[in-house]
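It should be emphasised that the depicted structure is a prediction, and the values quoted were computed from it without experimental measurement.
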Amino acid sequence: MKKKTDVNLNTFLHNFKKDFIMILTTIKRSLLILSLSVATLGCQFNSIAHPQQITTVSTAATQVNSKQSEQMIVKETLPALTGLAISSELLEQYHWQLVSAVSHSYDDNGQLVKTPIGNFYHPDYPISVSFGGNLDSQTVHFSSECNGSGATYTLLKDNTFKVDSIVSTDMGCSETGNRIENTLFTLMNGSSSKLALTLQPANSLKTLNPKNSYPRYHLLQTMKSGETLLWQNEKKDKPY
């Protein structure tokens, strides 16, 4: 009886040892698989996170470069000075030659249409304006190389330019001259407009004779009726 019990115990211990070894082998295998999985996840995380950092830095650099490029473009395209202060004294220093005149209207589709004022582009009848005045009043003189004209004007602090009734001589001109002058006087008589002054870039200041150099301005006149006229200053040799 005792011998049989010893055999059963030995069998039990042998089986237990065998099962225990199998359990340890399974645990080791599981731990190995787990460690490999963790390592793989770590590599994937680094491969994902690193490009995001590069992308963020690259995007920021692109934005900085883009902003710098925009600033360079603005600096290159803008004139040296814009929106300058306008005074009667400055206007009186020059004759102002008309270089552009455009009317504005809308077509049937509601689109803005800009049309040159054809009467103002005749080479034989260049249009100009000059300014004068004294302590009591300021005067403006419009010319298309025909009759002399004059009117008192008011220049407000917000650059609103108001012209009173125009008085002119009544010398007969050609049919073309009369048409141009009538168009000019009709537009300016009793008118209200806004003025804006721009100093042109430095290369426009150069002349053959440095003694005759003077700043070149563009004077933009926007009429209350919608037309826009661009005037350029010229050296003033006569009072008007």
Side-chain angles (χ1 to χ4, degrees), residues 79 81-102 117 119-174 176-200 204-205 207 209-240:
L81 290 171
T82 59
L84 300 176
I86 303 174
S87 66
S88 296
E89 290 76 15
L90 185 144
L91 295 176
E92 291 173 14
Q93 291 181 33
Y94 306 101
H95 280 298
W96 299 84
Q97 200 71 35
L98 184 67
V99 294
S100 173
V102 178
I117 302 177
N119 288 335
F120 290 169
Y121 290 91
H122 199 289
D124 294 335
Y125 298 94
I127 294 174
S128 64
V129 61
S130 59
F131 300 84
N134 49 48
L135 296 177
D136 296 329
S137 63
Q138 282 74 43
T139 56
V140 57
H141 307 269
F142 299 101
S143 172
S144 60
E145 299 295 325
C146 186
N147 284 291
S149 71
T152 57
Y153 76 88
T154 304
L155 180 62
L156 303 181
K157 291 183 178 180
D158 64 352
N159 293 336
T160 297
F161 178 63
K162 295 185 175 182
V163 179
D164 294 327
S165 298
I166 293 177
V167 177
S168 70
T169 59
D170 194 19
M171 180 176 64
C173 307
S174 68
T176 301
N178 287 332
R179 183 176 67 251
I180 293 173
E181 187 177 77
N182 289 337
T183 304
L184 175 63
F185 289 174
T186 299
L187 180 63
M188 294 299 174
N189 188 53
S191 65
S192 177
S193 59
K194 282 278 191 177
L195 301 181
L197 187 68
T198 301
L199 178 64
Q200 297 309 293
S204 68
L205 307 182
T207 62
N209 185 353
K211 294 182 179 180
N212 293 330
S213 297
Y214 56 93
R216 302 307 298 268
Y217 296 107
H218 276 172
L219 182 65
L220 179 65
Q221 182 180 14
T222 303
M223 308 298 295
K224 189 175 182 180
S225 52
E227 297 84 356
T228 55
L229 296 91
L230 185 64
W231 307 86
Q232 181 171 287
N233 65 320
E234 301 289 347
K235 187 177 179 180
K236 193 172 187 178
D237 297 321
K238 298 183 298 182
Y240 300 121

> Excluding sequence neighbours, so at least two apart, what forms side-chain hydrogen bond (donor to acceptor under 3.5 Å, both in side chains) with Lys194?
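Testing Lys194 for side-chain hydrogen bond (donor to acceptor under 3.5 Å, both in side chains), a comparison that skips the adjacent residues, returns Asp158, Thr160.
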
> Minimum heavy-atom separation for Lys236 to Phe131, with atom names?
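It is NZ-O, 3.0 Å.
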
> Residues two or more places apart in sequence or in another chain: which of them pass ring pair (Phe, Tyr, Trp, His ring centres under 6.0 Å) with Tyr125?
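In terms of ring pair (Phe, Tyr, Trp, His ring centres under 6.0 Å), with neighbours along the sequence ignored, Tyr125 is linked to His122.
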
> Could you list the residues that satisfy side-chain contact (heavy atoms from CB on, under 4.5 Å) with Val102, not counting sequence neighbours?
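With neighbours one apart ignored, the set is Ser100, His104, Lys114, Thr228.
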
> For a quick test of reading the model, state the closest non-hydrogen atom pair linking Ala151 to Asp164 and the distance between them.
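Where Ala151 meets Asp164 most closely, the heavy atoms are CB-O, 3.8 Å.
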
> Just so I know, are the side chains of Leu91 and Ile86 near enough to count as touching, which here means a heavy-atom distance under 4.5 Å?
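Yes, close enough: below the 4.5 Å cut-off.
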
> Give a yes-or-no answer on whether the side chains of His141 and Ser143 include a donor-acceptor pair shorter than 3.5 Å.
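Checked: His141/Ser143 side chains show no N/O donor-acceptor pair below 3.5 Å.
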
> Which heavy-atom pair separates Cys146 from Met171 by the least distance, and what is that distance?
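Looking at all heavy atoms of both residues, the closest pair is O-CE, 3.5 Å.
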
> Which heavy-atom pair separates Ser130 from His95 by the least distance, and what is that distance?
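Minimum heavy-atom contact is CB-ND1, 3.4 Å.
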
> Once rounded to the nearest 0.5 Å, what's the spacing between atom CG of Leu219 and atom CD of Gln232?
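Reported to 0.5 Å precision, the distance equals 11.0 Å.
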
> side-chain contact (heavy atoms from CB on, under 4.5 Å) with Gln221: which residues, sequence neighbours excluded?
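Applying side-chain contact (heavy atoms from CB on, under 4.5 Å) to Gln221 gives Phe161, Met188, Ser193, Leu195, Met223, Leu229, Trp231.
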
> Roughly how far, to the nearest 0.5 Å, is CG of Asn134 from OG1 of Thr139?
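Rounded to the nearest 0.5 Å, the OG1-CG separation comes out at 7.5 Å.
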
> According to side-chain contact (heavy atoms from CB on, under 4.5 Å), who are the partners of Ser149, at least two apart in sequence or on a separate chain?
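Ser149: side-chain contact (heavy atoms from CB on, under 4.5 Å) contacts with Phe142, Ile166, Ser168, Phe185.
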
> Can you list everything that forms a side-chain hydrogen bond (donor to acceptor under 3.5 Å, both in side chains) with Tyr217? Sequence neighbours excluded, please.
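Not a single residue meets the side-chain hydrogen bond (donor to acceptor under 3.5 Å, both in side chains) criterion with Tyr217.
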
> Between Asn233 (side chain only) and Pro215 (backbone N and O only), is there a donor and an acceptor less than 3.5 Å apart?
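Confirmed, Asn233 side chain pairs with Pro215 backbone.
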
> What residues form a side-chain hydrogen bond (donor to acceptor under 3.5 Å, both in side chains) with Asn147, not counting sequence neighbours?
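Scan of Asn147 (side-chain hydrogen bond (donor to acceptor under 3.5 Å, both in side chains), adjacent residues dropped) gives Thr169, Glu181.
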
> Quick one: does Lys224's side chain have a donor or acceptor within less than 3.5 Å of a partner on Ser191's backbone?
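Not confirmed, Lys224 side chain does not pair with Ser191 backbone.
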
> State which residues pass side-chain hydrogen bond (donor to acceptor under 3.5 Å, both in side chains) with Thr154; sequence neighbours excluded, sorted by chain then number.
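None.
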
> Taking Tyr121 for the side chain and Ala101 for the main chain, is one N or O donor matched with an acceptor at less than 3.5 Å?
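Yes, Tyr121 side chain to Ala101 backbone: donor-acceptor pair under 3.5 Å.
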
> Scan for salt bridge (Lys or Arg N to Asp or Glu O under 4.0 Å) pairs involving residues 120-145, sequence neighbours excluded, and state none if there are none.
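Checked against salt bridge (Lys or Arg N to Asp or Glu O under 4.0 Å) - neighbours excluded - no pair reaches residues 120-145.
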
> Suppose we screen for side-chain contact (heavy atoms from CB on, under 4.5 Å). Which residues come up paired with Gln93, at least two apart in sequence or across chains?
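By the side-chain contact (heavy atoms from CB on, under 4.5 Å) rule, Gln93 matches no residue at all.
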
> Could you tell me if the side chain of Ile127 sits less than 4.5 Å from the side chain of Ile180, heavy atoms only?
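Yes, close enough: below the 4.5 Å cut-off.
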
> So how far is it from Asn182 CG to Thr186 OG1, rounded to the nearest 0.5 Å?
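If I round to the nearest 0.5 Å, the distance is 6.0 Å.
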
> Answer yes or no: is there a side-chain heavy-atom contact under 4.5 Å between Tyr214 and Glu234?
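Result yes, sub-4.5 Å side-chain heavy-atom pair found.
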
> Going from NZ on Lys162 to CG on Leu155, what distance comes out if it is rounded to the nearest 0.5 angstrom?
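Spacing of NZ (Lys162) from CG (Leu155) equals 11.5 Å.
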
> Should Leu90 and Leu197 count as side-chain neighbours, where that means a heavy-atom distance under 4.5 Å?
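Contact flag for Leu90/Leu197 side chains = yes.
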
